[in-house]
Amino acid sequence: MKIIVCVKQVPSRDAILRINETSSWIQDRDIAYDVNEPDSYAVEEALKIKEKFGGEVVICSLGPERVQVAIKEGLAKGADRGIHICDPALDNLDALAQARAMAEVIGKEGFDLVFTGLQSDDYGFAQTGVILGELLGVPSATIAMAVEVQDGEKSVRVKRELEAGWFQWYQMPLPASISIQSGLNQPRYATLKGIMNAKKKEIRKVTLSDLSISKDLLVPKQKIERVYFPVKSKKTEIIDGSAKEAAAKLVTKLKQMRAL
Amino acid sequence: MAKFKGVDFYNIDSLLTDEERLTRDSVREFIEEKLIPIIEDCYEKARFPMEIVKPLGDLGVLGASLPTEYGCAGLGAVAYGLVIQEIERGDSGIRSFSSVQGSLAMYPIYAFGSEEQKRKWLPAMAKGDKIGCFGLTEPDFGSNPAGMVTRAKRTEKGWLLNGTKAWITNGTIADIAVVWAKTDDGNDTIRGFLVEKGTPGFTAPEIHRKHSLRASVTSELVFSDCEIPEENILPLSKGLKSPLMCLSQARYGISWGAIGSAMACYQTALDYAQGRVQFGKPISAFQLQQAKFADMLTEITKAQLLSFQLGRLKEQGKITPSQISMAKRNNVSMAMEVARKARTILGGNGISGDYPIMRHMNNLESVYTYEGTHDIHTLILGAEITGHQAFE
C-alpha cells in the first residue's frame, strides 16, 4: 500500500491572533503553528495501515518553509519520506488551485490511498480532500471514522460520520481519496529516536516550475474579502402600550426581523 | 485546563532547530497527557508511578543523549535539556528519576564501563526495562564526597564492599546500583562498581516521611560484606573525577529542569490571576500582582537564555563545570523564588493540592540541595573567579 497523507500546518489553537494590516487574514508573523488536528489522525491511520499491510507512507504538504516541521513530525512518527510543495505563488490560493498543484504531484507519485484531514482548523473549507479525489479521477469518501482495506488490497470500506449520531459504511475500489475525521484513532507520540531518524529521511521539494499547470488554472475562484472580529452590539427597545397592543407590536417586529 | 503553550518571551524557539522543537513538543504532550493527570495523587500518597517508566522508555527520554548504538536517542545537549525541562514541568520527582537513570546510572556505564557492560545494561535501561541508581553521598559525607568511608577490598574473586550510601534516588526500585567506593590500592582511589539487585549483603531500604520529592523513591544503600565480581567494576573509572563527571551531566539537566518547574508555577499563577476577581476586577489588573509577573517572567527568560547557551557550549565541547554550576545555582534558586511569588498570587488556594505550586515549591527544596548545594556552587564560582578555593 502506498499512502499519501496531505498535512497542513495551521496556527496553533492557543495562538493569540491579530488581524493583518489589510484585513485579509491574520498576522502570521511570530505565531506558533501546529499540524492541523484531523491531519494528525490521518497520519496515524496511514501508519496503522502500513504496519498491517506494508508499503509506504508519504507526507505531502504545501506551504512556506515553516511547513517542513509538519512534514518532519510525520516522518518522526514513522512515515517514509516527505514532499514539500513550496512556492510563494501557491501560498495564498483557494482550495481548488492548491489542490491542482497537489494533484499533479500526487498523480505523478502514484498511490493506493490519499488521506487528508476532514478540514483545516484555520479556513475550515473541507474542500481539499474531495477536490483532490475529483482531479485525480478516483472515488472519494469524507468524514471517515474507520478505514478498512479489503479484497487483497483492492478496495476499502469506510465508516462515514453523518448527522445526529448516524454512520454510513461505504465500500469503494482503490485507489481512492479519503478525508479523515478527528478521533478515529489515538495518534502516537513522535519518539525521540524517531525525531532523530527523521533527519535522514528524504523531503523532496517541488516548486511551481516543476509543475505543468497553466497560470490560468491558478487564479483563485474564491477570495476572502475581509477578516474581522465579531462586533459585539446590544440594542434594547421598550415596546409601549397595553399588553395586547404590545404583544401585537412585538409579533410584527419579530416578523420584520424574520424571527418568526 | 488550557493546554500549556510554553513560556517564551524572547522567542527562544527561533533559536531552536526543527528537531529540538519537535522533541520538546512531543515530551510536553506526553507529560501533559500521562503525568500531570496523576502526579498530584502520587505526590499525596508518596507513590512513585512505576507505570510511567516503560512509556518514558518508549518515548526515548531515558539516557536520551547517549548514542543510538546502545538503544538511545542520541540527542544534542539543547534537545536533551528541553526534554528535562518538560519532565520537571510535570514534577521534579519524576525528573529526578529520569536524571538519575540517564545521567547518573547510564552515563557512567557508558563513560567508564566495558563494552560488555554497556551492551548488557544500556539498551535495557533506555527502554525502562531496568532501573538504575547512583550511590555517592553518604550519611556523613554530602558536599565532601572525597571523605567517603565506603570501601571496596580486593578478594580472590573480585571485591568486598562495605559501607552505607544515603539519599539515593531510585535506590529501592533499582535493578542496578552504580556505587562509588574507596579501594585499597594504597591511594584510596575511588572506583565505580555495578551492584545488582539481590546481591547478598546489599539492601536498599526506602527513606520515608519526606515532605519533598514525594513521587520519587529515595533510599539508603547498605553494603555489608557484599561480594562484587571482578566483571562488575567500571574499568575506566578512576578517582573522584569519575563520579563528578556524572554529576556535571546531571547538573546540566537540572538547570533546564528548574525552568520547567518555574514555568508551571508562573503559568498557574497567571491563569489564576486572570480569572480571580476581587474589588470588581481580575487580580491580574492590580499593580502589585503585575510586578510579580514582570519579575517572574524576566527571571524565567534569563534562566532560559543561560541554559540555552550552556547547551550550545556543551554541544561544541566547550562547557566547563563552573559554567554548569552557575546555571544550576541560578536556575534552581530562580525557580524557588518564582514558586514562592506564584503561591502568593493564589492566596490561600496556593497551598492546595488543587494547584501544582506547593508541590513544585517543596520539590525544589531538594533540588536546591542535591547535585551540589546552592552554597557549594557559590564556592565553585568563587574559586573560578578569584582563584582562591574556599571549600575548606
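Predicted, not measured: the structure shown is a model, and the values here were computed from it. Convention: sequence-line order gives letters A, B, ...; per-chain numbering from 1.
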Inset, instruction - Sort B:Val61 into side chain, backbone, both or neither according to what part of it lies under 4.5 angstrom from a heavy atom of chain A. - result: both
Inset, instruction - Using a strict cut-off of less than 4.0 Å between a Lys/Arg side-chain nitrogen and an Asp/Glu carboxylate oxygen, indicate whether A:Glu37 and A:Arg13 qualify as a salt bridge. - result: yes
Legend entry - Sidechain N-carboxylate O distance under 4.0 Å for A:Arg81, A:Glu109: yes
Legend entry - Proximity of residues 186-194 of chain A to chain B, residues having a non-hydrogen atom under 4.5 angstrom: A:Tyr189, A:Ala190, A:Thr191, A:Leu192, A:Lys193
Inset, instruction - For the residue pair B:Tyr252 and B:Tyr80, categorise the inter-ring angle as parallel (less than 30°), tilted (30 to 60°) or perpendicular (more than 60°). - result: parallel
Inset, instruction - Kindly state whether the ring of B:Phe308 and the ring of B:Trp256 have centres lying under 6.0 angstrom apart. - result: no
Legend entry - Residue part contacting chain A, namely of B:Asp58, when any heavy atom lies under 4.5 Å: backbone
Inset, instruction - Identify which part of B:Thr68 has an atom lying under 4.5 Å from any heavy atom of chain A, answering side chain, backbone, both or neither. - result: neither
Inset, instruction - Indicate yes or no: does A:Lys8 engage A:Asp121 in a salt bridge with an N to O separation below 4.0 Å. - result: no
Legend entry - Residues B:Gln289 and B:Lys292: side-chain donor-acceptor under 3.5 angstrom: yes
Legend entry - Validation row: A:Lys50, A:Glu56 side chains within 4.5 angstrom (heavy atoms): no
